[in-house]
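A short write-up of the structure that comes next.
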Amino acid sequence: MTETILDLHEIQGAEERVRRIFSGDALTADGGDQYAVLDTVTLDLRVRKDGAKYTLVGRLDGVLELACCRCLEPVRQIVGVEVDLLYLPSSENTGDGDVQIEESDLSTAFYRDEQIDLGRLMHEQFQLSLPMKPLCREECQGLCAVCGGNRNATKCDCEETWVDPRLAGLKSLLDQ
Ligand SMILES: [Zn+2]
Ligand SMILES: [Zn+2]
């Protein structure tokens, strides 16, 4: 398992390239997540050091598995995210003094103990990149509201009677 912590002591020059490949297992987060990580994830960054500030610019590439919002079947999603983040020491996040950072500013993050948590970085970038309503296919039929069956796989009877009640009436006439 590749370490998800970036030790800032490693950044000796003004700019260093940090390229790491993580296994999906190392990044599969706790149950609350809307995605699972498939395969490996590549993080390729240039880390620029300016005093206590670090700018991380590069790419994050991986394959995620989401649940289709209609039928709940797994959906593979290839994700390529442009990363452009500014990291400040967490001591500057106190809210007083002249360095005040809006929490809503998604491109600014904080590090502490000379460490940047790349696992958290990747998690946040993935979250931001996910579609609001993932679909297994554009024309996904979803689940039957009556029996809960997957209508992409099977046409259930409850669906037929629901779709056109007039046909059902005709059918009962013919049955007589
Ligand atoms: Zn679906
Ligand atoms: Zn049904």
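Note that ligands are numbered from 1 as they come in the structure, with each ligand's atoms numbered from 1 the same way.
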Seminar exercise, completed: The single option from E15, R46, R48 that satisfies side chain to side chain contact (heavy atoms under 4.5 Å, CB included) with T55 is R48

For this session: Please work out the angle at the Zn ion (ligand 1) defined by atom SG of C71 on one side and atom SG of C68 on the other, rounded to 10°.
Result: 110°

Exercise. Is it true that atom CZ of R59 has more than 12 heavy atoms of other residues, nucleotides or ligands lying nearer than 6.0 Å?
Worked result: yes

Exercise. Counting only N and O atoms by type, is there a donor-acceptor contact under 3.5 Å from the side chain of Q125 to the main-chain atoms of H123?
Worked result: no

Problem set entry | N/O/S atom of C136 inside 2.8 Å of the Zn ion (ligand 1), strictly under | yes

Problem set entry | C144 atom SG and C156 atom SG as seen from the Zn ion (ligand 2), angle to 10 degrees | 110°

Exercise. Any side-chain heavy atom of V41 sitting closer than 4.5 Å to one from F126?
Worked result: yes

